Amino acid sequence: MRVLLYSDLTPATIPGFNKLRTTLEAGNFRQADVRKIGDNLYRARLNKRDRLLFSLYRHDGETCCLLLEHIRNHAYAHSRFLAGGAVIDEEKIPLLSTPEEAPTEALDHLHPQRERFHLLDKILSFDDEQQRVYEAPPPLVVIGSAGSGKTALVLEKLKLTIGDVLYVSLSPYLVTNARDLYYAHGYDNADQSVDFLSFHELLESIQVPEGREITQRDFQAWFQRHRQRSGLNDPHKLYEEFRGVITGPVTERGWRSRDEYLELGVKQSIFPEAERAQVYALFQRYLTFLDEVGLYDPNLVAHRHLARVQASYDFVVVDEVQDITNVQLYLILRTLREPGQFLLSGDANQIVHPNFFSWSSVKSLFFRERDLVGHGEVVRILQANYRNAAVVTALANRILKLKHARFGSVDRESNYLVHSAADQPGRVQLLEDSDAVKRELDTRTARSTRFAVIVLHPEQKAEVRRWFRTPLVFSIHEAKGLEYESVILYNVVSSESRMFRAIAAGVDPAALEQEELAYSRARDKRDKSLEVYKFFINALYVAVTRAMRNVYLMESQPAHPALALLRLERLDGELALEQDDSSLDEWQREARRLELQGKEEQAQAIREQVLGEQPVPWTVLDREEFAVSREQALEGGGKKQRLEVFEYALLHHHRPTLNALAEVGFKPACQPESKAVRQLHRNRFMSYEMRNPTAVLKDTERYGVDHRTAFNLTPLMIAARLGNAGLVAQLIERGADPTLTANNGFTALHFALEQAVIDEGYARRCLPKLYPLLAPASVGVQVVGRLVKLDRRLMETFLLELFQVMFYRHLGPAQSVGAGYTAQDIERWVAALPERVLPARRKRRPYISGVLAKNELRRDDRYNRKLFLRLQRGHYVLNPTLKLRHGEGWLALHERFPLEDLGIARIDDELAAQTARWYGPEQLRTYNRRRELVLEDFRRRLPSLADDLKT
Ligand SMILES: Nc1ncnc2c1ncn2[C@@H]1O[C@H](COP(=O)(O)OP(=O)(O)OP(=O)(O)O)[C@@H](O)[C@H]1O
């Protein structure tokens, strides 16, 4: 049996490793004392105390044994691969004598000789070029097409680094995905602290810019007002000129001067010389416009931040670098402590914005700024493609060959073809655009999440929608990051027939038969034709490579010379497509995925057209309406209204209301809270406790997965509160958003943690399953004007959440007697939390005290995140100047957790009835009032305390 080793294993430190390995190679499971302890997880015996964990896979008919982890001293509870806290009773598990049954899981790619494998979300065995990159020292530039494993490789290389490390890319979606891949299967590395930031977040982490980043839509609206007078007519082109030519390439100033711009060579601008003066005049107006309306341009902010940025990273990775302008890249690399400790990865063929990204401009940046690079960068090219079917890759290659034959090499770095390493079947077909074919295609694809339609220009979407009912219609500018099983390219060539004719003109078909691209420069240096046509040819390339398996090119001019050069197979006869309807769950998931990628238009279309979501027919109580209702209930109000206000107050732990209701003698408010809560759950949320909660799921289908119930909670929040892990998992599967907040600022995670703190049974039974589903990968807070992105693996993040969770329950009562949050309180709250949520070492009081003290606002510590404010010795609150993310913007901490919603714990509630009687009502009222006054003083003092700190 072939035995492979996980890259994280160091056999030299594992006693008895070689002997056990030989035994496994011989397939002698009995001697290795193999027992199955989990899903495709086995252990073998190294010695009396130590074990080796492994998995079995099939590859090419052979069984392979993949060694994963060294378990020391029976400590299964600390295993990465077993769910945390696992208890394994070895004696009770039967011994396996041979690996008799063929493993069910298969590995598609396994290098024939490589002994080491890597692991992200799945097993990876590097090909030769990937291995070379893996071993190469920085600085490195890794170039490869979509699906060549750049991200996978870059992340594995990141694991080799130590110290403070940054992974940055333009797309927040990609960054979140990369972070999740990185930490898949419980990966941990004590030698490093990694920040996964989108470029936008990197800017914010230097200083949160004023206002909001300008979007394409803002730009278009602004441009419309100037269109006529300027004589220019393409907002996309202008936007790219501003970003890519006037501001992006310069680092020493914010933008090029007018003279400099007018003197640019023909290849350096998309606009002809005659139009440049007009473009520059508009640019100047653009600057004024940004200031006037409070929007900002990331290039300009990047330039301003050059003066502020501090060297704070030991290693930096820039993924999808082709989306980033030179000034942005310069800023990123200025965060490095030592020059040259970076890795850039990208693919210039994927640029659909003719924004003048080129490897040569990156190189000239390096040349100008030698202190960035150190001893010179090494460029590596990945040519394999693991994602697209071979036929799709073959078409993509023909497009690259056409581009090469027509325009020569763009640069040395982008001059390569792709080798397909994927073995899934696929098809590429040319269809003549006719009503019959469109109708036929529509019938097959309208309800499928596996088909998307791509057009060249946004204006063409309307035409597509006349024929196709699918909500998955994208313009090429939106196509980045998409991946569908099948893609229909709608008249991509015919709608720009003239352009593509010009591209195909004079190209010798024989040139497209070569297997490699020879490096050749364009003949005429003044020939700017590539700049004019680059968008069209790259757009075709990007559109095709969005398909994992099948590409259908629907063209009104199927005999177009460009299509002829691509040698596309034209369909005669039947379009043999199976109707492929996706379930509502799949559509809900797709909508959520698109939302996370910022593709709001298509997500909205799914919700309206496919899911047919309607607004809820009941009134949803927001904070203001609750205040009105509460007022009425306390001043009289019917029993029903009082009960409703009481229930709301119970769910949100709104102490001022609970106290006031008890004071006016509302009976249910005078009984123990736990009893009232049980009743409330029975009255309102029975359907959430079911194993098979069909009523809840029906509602999510009718009103959307995140619809609001009467008290403005989402189904996910309620399911979390009730501890129904199965339902929580189903809702998340359907795309529920765990970051949404209730009227009291709680997320679904907060509701779950709150229950876990007050109910030990819940903590043990429900929380281990809920926590991984609900805890966000990271939390972004604004501290003293800068973004601090806290990964969920940090204790600081946990404490930040816990302080919020205990805000209403703890802070009101505590402050009414002058106390804050103490390490002792926290130790008590977390005692029953399972190991998987919080390991034992983090539950100890000295550790907790240490984290609080280290992150105290005034503490002088390099890694101080300034999250807490010390009120007095040992007593803390959250830094009151913190801001929390709120959609695109920010919300002050106490706007989300309002101080006026804090209340005291009434003293008569705390005392036994008999003792209370002994004090007498008047005395109790005095005690309570005194507490109220202390709390009121805190409410008043806290904001001014924050102001004092600012100055
Ligand atoms: N050596 C390998 N063996 C098996 N699978 C691989 C290998 N290298 C990469 N892959 C897989 O190929 C897919 C594409 O990889 P990845 O997303 O890293 O590519 P990429 O170059 O970053 O693509 P894009 O530019 O589209 O982001 C992933 O599912 C990855 O796990």
Side-chain angles (χ1 to χ4, degrees), residues 4 6-7 57 59-60 64 66 105-135 140-159 167-182 184-185 187 198 317-324 343-352 357 380-390 392-393 396 414 416 418-424 479-485 487 538 541-549 597:
L4 302 167
Y6 178 36
S7 55
Y57 285 89
H59 176 70
D60 269 352
C64 303
L66 274 67
E105 291 186 61
L107 290 175
D108 292 336
H109 303 281
L110 209 51
H111 190 281
Q113 284 92 38
R114 206 168 312 293
E115 181 191 52
R116 292 281 180 160
F117 66 89
H118 298 262
L119 178 68
L120 288 165
D121 58 333
K122 62 181 195 216
I123 306 278
L124 296 171
S125 164
F126 285 156
D127 61 38
D128 290 337
E129 192 48 42
Q130 287 176 328
Q131 185 67 23
R132 271 193 283 278
V133 175
Y134 184 68
E135 288 168 8
L140 261 185
V141 178
V142 182
I143 300 175
S145 66
S148 58
K150 291 186 298 299
T151 300
L153 180 57
V154 155
L155 292 176
E156 281 303 295
K157 264 190 93 65
L158 210 60
K159 291 182 178 171
Y167 171 100
V168 62
S169 190
L170 191 71
S171 146
Y173 181 72
L174 175 67
V175 173
T176 312
N177 267 347
R179 186 256 169 220
D180 290 347
L181 283 178
Y182 197 70
H185 297 287
Y187 176 73
S198 67
V317 163
V318 189
D319 207 358
E320 305 283 3
V321 65
Q322 76 278 0
D323 296 338
I324 281 176
L343 196 165
L344 314 182
S345 98
D347 175 11
N349 289 319
Q350 280 189 59
I351 306 168
V352 287
F357 173 90
R380 291 276 175 195
I381 296 176
L382 300 177
Q383 284 187 283
N385 175 307
Y386 290 90
R387 193 185 288 140
N388 309 86
V392 177
T393 300
S414 309
Y416 62 91
V418 180
H419 305 309
S420 174
D423 47 12
Q424 73 259 35
K480 236 196 94 54
L482 294 183
E483 216 174 82
Y484 287 96
E485 192 174 295
V487 169
N538 282 4
Y541 177 84
V542 168
V544 164
T545 51
R546 299 309 92 195
M548 286 192 292
R549 288 183 173 221
Q597 290 187 44

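All ligand and atom numbering here is 1-based and tracks the order in the structure. As the structure is a computational prediction, the values presented were derived from the model and not from experiment.
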Student: Are any of the N/O atoms on G149, whether in the backbone or the side chain, positioned under 3.5 angstrom from an N/O atom of ligand 1?
Tutor: yes
Student: Is a side-chain donor-acceptor pair under 3.5 Å present for D319 with S345?
Tutor: yes
Student: Judging by distance only, is a nitrogen or oxygen of G147 under 3.5 angstrom from one on ligand 1?
Tutor: yes
Student: Could you list the atoms of ligand 1 found under 4.0 angstrom from a heavy atom of A152?
Tutor: 18 (O)
Student: Is Y187 close to L155 at the side-chain level, that is, under 4.5 Å between some pair of heavy atoms?
Tutor: no
Student: List every atom of ligand 1 that sits less than 4.0 Å from any heavy atom of S145, numbering the atoms from 1 in the order shown and giving each element.
Tutor: 21 (O)
Student: Between E156, K122, R546, R387, flag the one that comes closest to atom 17 (O) of ligand 1 by a heavy atom.
Tutor: R387
Student: Any non-hydrogen side-chain atom of L120 less than 4.5 Å from a side-chain atom of K159?
Tutor: yes
Student: S7 versus E156: any side-chain heavy-atom pair under 4.5 Å?
Tutor: yes
Student: Is there side-chain contact between R387 and T545, with at least one heavy-atom pair below 4.5 Å?
Tutor: no
Student: With heavy-atom distances below 4.0 Å as the criterion, list the atoms of ligand 1 near E320.
Tutor: 24 (P), 25 (O), 27 (O)
Student: With a heavy-atom distance limit of 4.0 Å, tell me whether H109 approaches ligand 1 through its side chain, its backbone, both, or neither.
Tutor: side chain
Student: Could you tell me which atoms of ligand 1, counted from 1 in the order shown, lie closer than 4.0 angstrom to a heavy atom of T151?
Tutor: 18 (O), 20 (P), 22 (O), 27 (O)
Student: One residue to check: A384. Relative to ligand 1, which of side chain, backbone, both or neither has a non-hydrogen atom less than 4.0 Å away?
Tutor: neither
Student: Using the six-membered ring wherever Trp is involved, compare the ring planes of Y386 and H109 and label them parallel, tilted or perpendicular (cut-offs 30° and 60°).
Tutor: perpendicular
Student: Is the closest heavy-atom distance from D347 to ligand 1 below 4.0 Å?
Tutor: no
Student: Please find the pair of heavy atoms, one from V544 and one from A396, that lie closest to each other, and give the distance.
Tutor: CG1-N, 4.3 Å
Student: Does some non-hydrogen atom of S125 fall short of 4.0 Å from ligand 1?
Tutor: yes
Student: Taking side chain as C-beta onward, heavy atoms only, is V154 less than 4.5 Å from Y167?
Tutor: yes
